[in-house]
Amino acid sequence: MKKEYKVVVEGQTYGVVVSDENKALLAAGADRRAFIGLWRDGRDLPGARYVVESEEVLTQDYLERVVRRTLGLPWHIAETKRLLIREFQPGDEKQIPKEPEDREADAVFRSEEELREYIRCQYGFFQYGIWAVVHKKTGKLVGKAGVANLQWTLEEGGEQAGHVSGLELGYHIFAPYRRKGYGREACQAVLAWCREELDSPKVYAKIDASNEASIHLARKLGFRLTGQKYIESGQCHCLYEWNCQGE
């Protein structure tokens with residue numbers, strides 16, 4: 001069986017091949033067309049990156065995601081009054097400045113090769129990550145925001161009091177665009193996406209106790225302090241949590 005579904009992505013119509021025959025899927029892949037395997041009777045479909053058990057799950061949203069992954073088009077996560085939150089795409093690294101407060105992990109977004117690998121692995125596997133924050137009017141990249149995997153050991157009275165595993169909210173607005181409310185606007189959009197799209201009941205924010213601006217923003221967003229710990233340098237790191245279900 002072989003069928004073709006149509007989906008409109010950014011004003012252009014694309015066809016998505018759906019088949020339970022590996023030969024048809026491989027042919028679609030060779031033509032750089034989007035395709036989805038239809039799993040039936042335990043049939044092996046080694047050429048399919050996406051496999052579904054029923055055509056009932058082939059919504060327009062799902063088909064669009066497959067087309068974007070196939071063609072390397074960024075997924076649009078959210079839109080606010082001034083900002084577009086979208087996946088990073090090749091070429092974005094040219095707009096990302098190196099700033100004094102950057103961490104080692106931030107270098108990924110300034111390297112063409114590493115950014116391509118991040119897009120392929122992070123978005124392709126998890127379907128979430130750190131995203132580009134774009135000013136809608138100018139088209140300029142003004143920062144980053146999104147969620148990342150978190151592993152955290154809580155402390156209480158100097159002793160370990162438990163382990164937290166979940167998703168961590170992260171954001172960084174580039175220096176020329178600060179003090180305009182972009183950080184709060186972007187984080188609100190990311191949290192709204194988390195509430196709609198993720199099964200995780202909570203989102204966390206890990207903040208240095210001396211970072212008053214980030215703590216102030218976290219509280220405005222509805223985060224509550226849940227624990228803290230000291231690291232070897234003597235810095236105190238605080239863990240804040242936000243309830244996806246609301247309270």
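- Side chains of F223 and Y204 form no contact here, defined as non-hydrogen atoms less than 4.5 Å apart.
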Could you walk me through whether E114 and R116 pass salt bridge (Lys or Arg N to Asp or Glu O under 4.0 Å), step by step? CA-CA 5 Å; E114 291 186 48; R116 285 183 182 274; over 6 Å; no
Go through it in stages, so that I can follow the logic: the residues are Y128 and E197, the test is side-chain hydrogen bond (donor to acceptor under 3.5 Å, both in side chains), and I'd like the CA-CA distance, side-chain angles, deciding distance and then a yes or no. CA-CA 10 Å; Y128 61 76; E197 300 292 336; over 6 Å; no
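- For Y123 and F88, the gap between ring centers reaches or exceeds 6.0 Å.
- Side-chain contact check for Q95 and R110: no donor-acceptor pair (N or O, by modelled atom type) lies under 3.5 Å.
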Test salt bridge (Lys or Arg N to Asp or Glu O under 4.0 Å) on E168 and K202; report intermediate values, then the result. CA-CA 9 Å; E168 175 188 3; K202 294 179 180 179; over 6 Å; no
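- With respect to R68 and E10, a salt bridge is recorded, a charged nitrogen being found less than 4.0 Å from a carboxylate O.
- Contact annotation: the side chain of D102 approaches that of H172 to within less than 4.5 Å [non-hydrogen atoms, C-beta and beyond].
- For R178 and E101, the salt-bridge test passes: some basic side-chain N is under 4.0 Å from an acidic carboxylate O.
- A donor atom on one side chain and an acceptor atom on the other are found under 3.5 Å apart for Y5 and E55.
- Side-chain contact between R69 and Q127 is present, with heavy atoms from C-beta onward closer than 4.5 Å.
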Kindly indicate, with the supporting measurements, whether the criterion side-chain hydrogen bond (donor to acceptor under 3.5 Å, both in side chains) is fulfilled by Q228 and H237. CA-CA 6 Å; Q228 63 181 34; H237 285 181; over 6 Å; no
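- Contact annotation: the side chain of L167 never approaches that of C194 to less than 4.5 Å [non-hydrogen atoms, C-beta and beyond].
- Taking both residues in full, the closest heavy atoms of T80 and K136 are given as O-NZ, 2.7 Å, listed atom of the first, atom of the second, then distance.
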E185 vs K81, salt bridge (Lys or Arg N to Asp or Glu O under 4.0 Å): CA-CA, chis, key distance, verdict: CA-CA 9 Å; E185 192 171 331; K81 182 178 180 180; over 6 Å; no
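- Note that R65 lies in the cation-pi zone of W75, set by a 6.0 Å cut-off to the ring centre and a 45° limit from the axis.
- Looking only at atom types and distance, the side chain of E87 has no donor-acceptor partner in the side chain of H76 under 3.5 Å away.
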Begin with the C-alpha distance, continue with both residues' side-chain angles, and end with the deciding distance and a verdict on side-chain hydrogen bond (donor to acceptor under 3.5 Å, both in side chains) for S210 and D208. CA-CA 5 Å; S210 65; D208 190 300; 2.8 Å; yes
Report the C-alpha distance between E21 and K2 in whole Å, list the side-chain angles of each, state the deciding distance to 0.1 Å, and finish with yes or no for salt bridge (Lys or Arg N to Asp or Glu O under 4.0 Å). CA-CA 7 Å; E21 301 171 5; K2 175 184 174 183; over 6 Å; no
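- Within the cation-pi definition used here (under 6.0 Å to the ring centroid, within 45° of the axis), K144 qualifies as a partner of F109.
- D20 and K3 are not joined by a salt bridge, as no carboxylate oxygen comes within less than 4.0 angstrom of a charged side-chain nitrogen.
- Classified by interplanar angle (parallel below 30°, tilted 30° to 60°, perpendicular above 60°), the ring pair W193/W131 is perpendicular.
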